[in-house]
Amino acid sequence: MNIKALLEERAALLVEAAKNETTAERLAEIRARVDAINYTVAELRKDEAEAKHEEELRAARTPNGGAPAPVVVHDDNKVNEQARAAENAEAVEKRANALKAGKKATVEHRAVASTSTALGTVASGDIAPTFEQVGTLDKLVNEVHLEGTGAESYKKPFAKSIGEGGITAEGADYTTAEPTFDYAAINKVKITAYAEVNEEVEKLPSARYVTEVENAVVGALRKKIIAQIIDGSGTDELVGILHAPAKIITAAQRKTVATIDENTLDNIIFDYGGDEDVEGDAYLVLNKLTLKEFAKVKGAEKRRAYDIIVRGNTGTINGIPFVCTSKLAAFGAVTAGNPYLIYGKLKGYELAYFTDTEVEKSTDFKFKQGVVAFKASVFVGGSPAMYNGFMTVQKAAKA
């Protein structure tokens with residue numbers, strides 16, 4: 001496969017990755033494929049450069065002549081990619097310059113994934129990266145962008161049931177079969193974060209500078225949002241899945257499972273959803289240590305009862321996608337009657353951004369120590385917004 005074809009494939013994959021319906025499992029596959037394409041393209045370009053250099057050397061050794069002028073092939077994909085890279089670099093440079101000058105910088109949420117994620121993988125000689133501490137759950141739910149609308153709240157309607165027709169005698173009234181609907185109320189909540197960094201960060205190149213600042217404060221905001229998606233009380237907070245009102249998640253969807261054994265996954269999957277379908281696009285949400293409990297279950301001949309594939313904090317258990325989060329208590333640590341696992345359609349959770357994230361810098365507070373302070377804020381709201389879209393699994397005391 002040539003470079004042009006690889007670039008076309010990569011462009012198509014990036015378009016697919018940007019779609020809301022793309023699952024975490026598919027995103028992981030896309031990232032792996034894009035990484036492979038980047039490596040292959042780099043190697044092919046290296047080979048081309050070496051071949052060109054060798055050709056130039058041969059031409060230099062040719063008496064009374066030279067190699068013909070190279071043919072330049074126009075590649076629209078390459079031009080578009082370079083334009084996007086230049087635009088991205090310009091945005092990063094502007095944000096870095098604004099922060100360094102002590103001005104307020106705005107981070108657009110729809111650009112966070114493409115900017116921060118890519119830059120966050122860059123290694124630095126003087127700042128060693130740490131283990132991932134944020135997670136990706138907030139990127140898997142359904143995002144609604146209300147920035148600039150001035151809205152204070154938001155309502156998401158959802159269907160609860162569909163009626164059933166009946167056999168009707170000639171001239172009799174039609175059978176009543178009305179569907180029922182309700183809505184999830186989503187109110188605006190302010191989330192803030194404050195962080196201090198050493199002044200040496202100011203000397204970093206713009207891309208690294210912006211990455212370190214966003215890791216410090218924007219990452220802190222996202223950690224709180226993820227915690228709220230799981231456990232928000234709904235009172236001056238987001239409505240978490242664990243505290244959804246009964247009109248959205250009924251008591252029947254609060255399942256009790258005392259132990260994790262070879263039947264646990266089947267019991268969860270087949271008890272979830274409507275009467276007609278076994279849902280195929282639902283996720284398990286669990287702590288990494290709960291995932292370990294699944295891995296410890298042995299079947300016949302002491303083989304693992306569950307086929308677990310891990311891709312960072314996502315993966316599959318027997319083909320069922322999962323996402324790990326430390327914001328949900330691990331099975332081994334949770335007490336009886338408390339939840340340790342969630343199963344459901346993550347797009348059934350509505351996360352509304354009422355504003356972009358604003359980041360500000362100050363050098364005044366700890367000027368003598370050479371410490372730079374950053375603060376960030378964002379207005380968000382959230383709630384489960386699909387009728388019985390989530391099942392929570394709680395631990396019961398052993399008999």
Side-chain angles (χ1 to χ4, degrees), residues 24 27 99 105-121 127-145 186 188-197 201 210-243 283-291 311-314 322-330 333-334 339-342 346 349-361 373-384 390:
L27 282 174
L99 284 172
T106 300
V107 181
E108 293 186 15
H109 300 113
R110 282 159 285 194
V112 167
S114 59
T115 301
S116 299
T117 302
L119 293 174
T121 62
I127 297 181
T130 185
F131 294 113
E132 180 59 58
Q133 297 183 22
V134 178
T136 59
L137 182 62
D138 59 325
K139 299 302 177 185
L140 299 175
V141 300
N142 191 51
E143 290 186 4
V144 178
H145 293 279
I186 298 174
K188 185 166 70 173
V189 174
K190 183 180 183 181
I191 297 180
T192 64
Y194 172 86
E196 297 175 353
V197 298
V201 172
V210 167
T211 299
E212 295 304 326
V213 172
E214 291 183 357
N215 284 346
V217 287
V218 178
L221 295 178
R222 289 185 57 214
K223 286 177 71 172
K224 184 61 177 178
I225 290 172
I226 290 172
Q228 289 280 290
I229 291 172
I230 297 293
D231 203 25
S233 68
T235 302
D236 297 327
E237 294 184 341
L238 278 68
V239 180
I241 296 170
L242 301 181
H243 300 286
Y283 274 76
L284 289 163
V285 182
L286 71 175
N287 190 290
K288 182 176 79 171
L289 297 180
T290 303
L291 181 64
R311 303 182 185 92
N313 79 322
T314 63
F322 70 81
V323 57
C324 291
T325 176
S326 62
K327 304 306 179 183
L328 193 59
V334 73
Y340 61 88
L341 189 147
I342 295 171
L346 292 181
Y349 189 95
E350 199 87 349
L351 178 63
Y353 285 96
F354 292 90
T355 67
D356 286 320
T357 299
E358 291 186 345
V359 183
E360 294 183 85
K361 182 189 87 168
F374 291 92
K375 67 176 184 178
S377 64
V378 63
F379 285 89
V380 297
S383 172
F390 296 93

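The two residues K327 and I230 make their nearest non-hydrogen contact at O-CG2, 3.8 Å. Considering every non-hydrogen atom in both G234 and V239, the closest pair reads CA-CG2, 3.8 Å. The two residues C324 and K288 come nearest to each other via the heavy atoms SG-CA, 4.0 Å. Of all non-hydrogen atoms in N287 and S326, the two that sit nearest each other are ND2-CA, 3.8 Å. Among all heavy-atom pairs drawn from G382 and I186, the shortest one is N-CG2, 3.3 Å. Residue G219 comes nearest to V134 through the heavy atom pair O-CG2, 3.8 Å, listed as atom of the first residue, atom of the second, then distance.
For K190, there are no side chain to side chain donor-acceptor pair (under 3.5 Å) partners two or more places apart in sequence or in a different chain. The side-chain contact (heavy atoms from CB on, under 4.5 Å) check on A195 picks up A216, V217, with sequence neighbours excluded. The side-chain contact (heavy atoms from CB on, under 4.5 Å) check on K224 picks up I191, Q228, with sequence neighbours excluded.
To the nearest 0.5 Å, the span separating CG on L289 from OH on Y340 amounts to 14.0 Å. Taking CG of L140 as the start and CG of L351 as the end, the distance is 11.5 Å to the nearest 0.5 Å. Note that CD1 of I229 is 11.5 Å distant from CD of E350, once rounded to the nearest 0.5 Å. Rounding to the nearest 0.5 Å gives a distance of 8.0 Å between CG of N313 and OG1 of T325. Interatomic distance, D356 CG to F379 CZ, rounded to the nearest 0.5 Å: 12.5 Å. The structure places CD1 of I241 at 6.5 Å from CG of L137, a figure rounded to the nearest 0.5 Å.
Between I225 and Y353 there is a side-chain heavy-atom pair separated by less than 4.5 Å. You'll find the side chain of L328 stays beyond 4.5 Å of the side chain of T290, heavy atoms only. Residues L284 and L291 form no side-chain contact, since every pair of their non-hydrogen atoms from C-beta on lies 4.5 Å or further apart.
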Trace of the side-chain contact (heavy atoms from CB on, under 4.5 Å) decision for L221 with V380: CA-CA 10 Å; L221 295 178; V380 297; over 6 Å; no

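Using a 30° and 60° split on the angle between ring planes, Y349 and F390 fall in the perpendicular class, above 60°.
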